[in-house]
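These notes are about the structure you will find just below.
Every chain is numbered from 1, with letters handed out A, B, ... down the list of sequences. Note that the coordinates shown come from a computational prediction; the quantities given were computed from them, not determined experimentally.
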2 protein chains.
Amino acid sequence: MRLTRAAEYAIRCVIYLSRQGQSVLTSRQEIAEQADIPAHFLAKIAQDLAKAGLIEIRQGARGGFLLSKNPADVTLLEVVETMIGEISLNDCVARPSGCKISPCCSVHRVWLDARDQLRDSLRRVSFDQLIADASCFPSYPKALLETEGLETPLSARNDLQ
Amino acid sequence: MRLTRAAEYAIRCVIYLSRQGQSVLTSRQEIAEQADIPAHFLAKIAQDLAKAGLIEIRQGARGGFLLSKNPADVTLLEVVETMIGEISLNDCVARPSGCKISPCCSVHRVWLDARDQLRDSLRRVSFDQLIADASCFPSYPKALLETEGLETPLSARNDLQ
DNA sequence: AATATATGAGACCTTATTGATCCTATTTAC
DNA sequence: GTAAATAGGATCAATAAGGTCTCATATATT
Ligand code: SF4
Ligand code: SF4
């Protein structure tokens with residue numbers, strides 16, 4: 001297990017779509033440019049996201065991608081595991097049969113616990129949370145900032161602490 | 001970041017040495033055979049462990065490796081990070097300069113927290129804990145089992161739950 | 001219907017990393 | 001001195017990651 005570039009790009013893509021709003025169609029080119037993702041690579045990534053039911057793909061002229069779920073219902077874990085498979089940390093967690101002593105290995109149990117903890121952490125983060133903060137994320141639509149008057153949207157969240 | 005085979009072998013090696021006891025010299029061949037590690041590969045791994053001060057290497061006839069610290073003072077995190085470098089999960093955690101938006105990226109903060117949590121989990125596990133449980137670990141010395149009468153050493157720990 | 005536009009699906013390539021092996025030099029017990 | 005054992009580094013094969021390219025397909029527009 002390893003967080004690949006493809007997973008990082010997938011997260012950026014879903015963030016961009018979340019900011020656009022659910023069911024807002026956005027062209028692949030726009031996402032690629034704004035979120036700094038190689039356009040052709042994004043095409044492949046989008047296919048995986050679509051298979052997982054996270055986004056919908058519209059072909060043809062004026063085609064593109066759109067988020068098929070509410071950002072609040074999409075977790076970071078879902079997007080990550082769509083791209084890299086289920087997180088396991090160590091091979092023997094994914095395939096216990098690979099090491100014959102796994103049933104009674106004390107180290108194996110540590111990896112199991114650590115994996116569960118990591119997956120829980122990522123499951124707790126949804127995309128509505130991620131876009132709540134402002135960010136210098138390249139995809140942040142300046143137009144949105146101006147029309148909605150969110151000059152310092154970060155402050156609201158900082159005040160909570 | 002990814003847990004490599006080398007890291008897994010390093011853990012097995014340190015477990016074997018911990019079972020032998022601190023400062024007990026053990027040949028590379030014995031460790032390799034008992035813990036199921038390719039002998040030549042173990043040589044390279046041992047060099048890294050030695051550089052980190054975890055084990056000591058004795059050259060020459062009747063040479064081998066020995067644990068230079070008390071198993072209670074060696075954590076799983078130390079051994080793992082000796083082999084694969086500091087755990088970062090995502091590249092931007094290790095090198096924030098790699099992504100120019102990292103200072104105010106909400107996803108970046110999630111990776112930071114998850115990394116800290118994972119590292120803490122591994123830091124909490126020391127090798128005296130790992131060898132306290134019995135295990136079908138190939139390196140478990142049967143002789144030790146017999147002399148100390150630990151027929152069911154796993155039960156002691158299960159009773160605690 | 002024709003055309004321009006945009007993505008689908010998968011083949012393909014390049015590079016980096018991993019996992020492992022091999023060979024010669026050096027060290028130490030005897 | 002000789003045999004036994006590791007040091008240190010070169011080397012190599014296999015795998016995976018990251019990215020590109022091409023042709024097929026779908027749709028809006030005219
Ligand atoms: S020895 Fe334990 S931790 Fe290592 S691969 Fe086997 S089961 Fe997993
Ligand atoms: S966008 Fe955020 S999470 Fe992704 S690489 Fe940049 S700082 Fe890290």
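Listed by chain and number, the residues in a side-chain contact (heavy atoms from CB on, under 4.5 Å) with A:A39 are A:Q29, A:A32 (sequence neighbours excluded). Qualifying side-chain contact (heavy atoms from CB on, under 4.5 Å) partners for B:D128, counting only residues two or more places apart in sequence or in other chains: B:P71, B:A72, B:S126.
Of all heavy-atom pairs between B:Q129 and B:R124, the closest is OE1-O, 3.0 Å. Considering all non-hydrogen atoms of both residues, B:Y9 and B:I37 come closest at O-CD1, 3.5 Å.
Of the residues in residues 89-99 of chain A, none has a non-hydrogen atom less than 4.0 angstrom from any atom of DNA chain C.
When atom types are taken as modelled, the side chain of B:Q34 and the backbone of B:I31 share no donor-acceptor pair closer than 3.5 angstrom.
Rounded to whole Å, the distance from CD on B:E56 to P on D:dT6 is 14 Å. Here the P atom of nucleotide C:dA20 and the CE atom of B:M83 are 12 Å apart, to the nearest Å. Rounded to whole Å, atom C1' of D:dG8 lies 15 Å from atom CG of B:L42.
Under the 4.0 Å criterion applied to side-chain N and carboxylate O atoms, B:E33 and B:R28 are not assigned as salt-bridge partners.
Side-chain N/O atoms of B:Y9 include none lying less than 4.0 angstrom from OP1 or OP2 on C:dG19. Applying the 4.0 Å criterion to OP1 and OP2 of D:dG18, one finds that A:R2 has a side-chain N or O inside that range.
Looking at A:Q117 and B:S121, their side chains do bring a donor and an acceptor atom within 3.5 Å of each other.
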Pick out the pairs of N or O atoms, protein on one side and nucleotides 7-16 of chain C on the other, that lie under 3.5 Å.
residue	atom	partner	partner atom	Å
C:dT7	OP1	A:R28	N	2.4
C:dT7	O2	A:Q59	OE1	3.3
C:dA9	N7	A:Q47	NE2	3.2

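Crowding of B:R123 atom CZ: a count of heavy atoms from other residues, nucleotides or ligands under 6.0 Å exceeding 12.
Residue A:L66 is not grouped with residue A:V14 when hydrophobic side chains (ILVMFWY) are merged at heavy-atom distances under 4.5 angstrom, including chains of intermediate members.
An angle of 20°, rounded to 10°, separates the two end axes of the helix from C:dA1-D:dT30 to C:dC30-D:dG1, each defined over five pairs.
Once rounded to the nearest 0.5 Å, the distance linking CZ of A:R12 with CG of A:L42 reads 11.0 Å.
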Below 3.5 Å, can you tabulate the donor-acceptor pairs from side chains in residues 50-61 of chain B to any protein atom, sequence neighbours excluded?
residue	atom	partner	partner atom	Å
B:E56	OE2	B:R58	NE	3.1
B:E56	OE2	B:R58	NH2	3.3

